[in-house]
Amino acid sequence: MAQINVIGLGGGRSIELDLPEVNPHVLHDVVTWQLARRRRGTASTKTRAQVSKTGKKMYSQKGTGNARHGDRSVPTFVGGGVAFGPKPRSYAYTLPRKVRQLGLAMALADRQQSGKLLAVDGFGLDGKTKGFVQWAAANGMDGGERVLIVTDDAATRQAARNVAWATVLPVAGLNVYDILRHERLVIDAVALEPAQGEPAQETEGAAQ
């Protein structure tokens, strides 16, 4: 059972979380699923039927001494169609919900085991960047690490959004990929408390 100390205006307590053992293969599966869902899939090429070329035969079949050819829209020629080229598609696929939940719990466990998980109950900030930088310095964050701030506190998100080494997400956007690409995680304590017994559902998420 992991013990996570809570700081902030309503701190002075700890949260007990039953976090699983970290399995890199599960984390890889969840991150791959997330990135696949984010792919736009808009690459598109024209086939020989779609290029603007005449369908007339280039020259006679025999007697020219050249290779036999039909029209100029074939992939052989510059400006011709593309054979087996990409077309707009979706790269998304289904990953079981339990695997997504397990991946999120493992990502939290990884940050907790490395001492890089900070739970906060009340930041007490006024929305100013200077105030956030001072708060971060007082809690061991001096810009040497990339920090993911996950909070629904509008003032805190406003204060942190202009800090180069900080990324801000709402609690609903918490996801494995963004946790793993930041060295430190700062999260609302209330987001961890409901996770006892059942981790929060993993979403696609996106850094803002």
Can you find a pair of side-chain heavy atoms, one from [X] and one from [Y], that are under 4.5 Å apart?
X	Y	result
Val6	Val120	no
Leu117	Ile187	yes
Ser73	Val51	yes
Thr129	Val133	yes
Met106	Val30	no
Leu169	Leu174	no
Lys56	Asp71	no
Tyr177	Ile179	no

Please name the pair of heavy atoms, one in [X] and one in [Y], separated by the smallest distance, quoted to 0.1 Å.
X	Y	result
Ala2	Leu19	CB-CD1, 4.0 Å
Leu180	Ala107	CD2-CB, 4.3 Å
Tyr59	Ala67	OH-O, 2.7 Å
Asp178	His182	O-ND1, 2.6 Å
Val168	Ala160	CG2-CB, 3.7 Å
Val78	Lys53	O-NZ, 4.3 Å

Rounded to the nearest 0.5 Å, what separation is found between the [atom1] atom of [X] and the [atom2] atom of [Y]?
X	Y	atom1	atom2	answer
Lys62	Arg68	NZ	CZ	7.0 Å
Ile4	Leu17	CD1	CG	4.0 Å
Thr156	Leu125	OG1	CG	4.5 Å
Asn5	Ile15	CG	CD1	9.5 Å
Tyr91	Arg37	OH	CZ	16.0 Å
Leu192	Leu185	CG	CG	7.5 Å

- Does one hydrophobic cluster hold both Val99 and Leu27, with members joined at side-chain heavy-atom distances below 4.5 Å?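 Yes, one cluster joins them.
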Whether [X] side chain and [Y] backbone form a donor-acceptor pair below 3.5 Å:
X	Y	value
Arg100	Leu95	yes
Lys87	Thr45	yes
Asp152	Val171	yes
Arg89	Pro86	no
Gln50	Thr47	yes
Lys57	His69	yes
Tyr93	Trp33	yes

>> Run the side chain to side chain contact (heavy atoms under 4.5 Å, CB included) test on Ile149 and Arg157 for me, step by step, so that the C-alpha distance in whole Å, both residues' side-chain angles and the decisive distance to 0.1 Å come before the verdict.
In response: CA-CA 8 Å; Ile149 312 293; Arg157 288 163 58 180; 5.8 Å; no
Practice task
I would like to know whether Lys130 and Trp135 meet side chain to side chain contact (heavy atoms under 4.5 Å, CB included); could you show each step before the answer?
Solution key: CA-CA 9 Å; Lys130 181 179 179 180; Trp135 179 91; over 6 Å; no
- side chain to side chain contact (heavy atoms under 4.5 Å, CB included) between Arg111 and Leu118: does it pass, once the steps are laid out? CA-CA 9 Å; Arg111 289 297 173 262; Leu118 188 63; over 6 Å; no
**Prompt:** How far apart are the C-alpha atoms of Arg184 and Glu145, what are their side-chain angles, what is the distance that settles it, and do they pass the salt bridge (charged side-chain N to carboxylate O under 4.0 Å, His left out) test?
**Reply:** CA-CA 7 Å; Arg184 184 179 293 270; Glu145 297 176 316; 3.2 Å; yes
Between Phe123 and Val186, does a side chain to side chain contact (heavy atoms under 4.5 Å, CB included) hold up when you go through it step by step? CA-CA 11 Å; Phe123 288 84; Val186 178; 4.0 Å; yes
**Message:** So, applying side chain to side chain contact (heavy atoms under 4.5 Å, CB included) with Val176, which one of Val31, Leu108, Leu102 is it?
**Reply:**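 That would be Val31.
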**Asked** Do Lys116 and Gln112 have side-chain N/O donor and acceptor atoms under 3.5 Å apart?
**Response**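 No, no side-chain donor-acceptor pair sits under 3.5 Å.
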Q: Assess the side chains of Asp188 and Thr151: does a donor N or O sit below 3.5 Å from an acceptor N or O?
A: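 Present: a donor and an acceptor within the cut-off.
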Any chance CD of Gln61 has more than 12 other-residue heavy atoms, nucleotides or ligands included, within less than 6.0 Å?
->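 More than 12 within 6.0 Å, yes.
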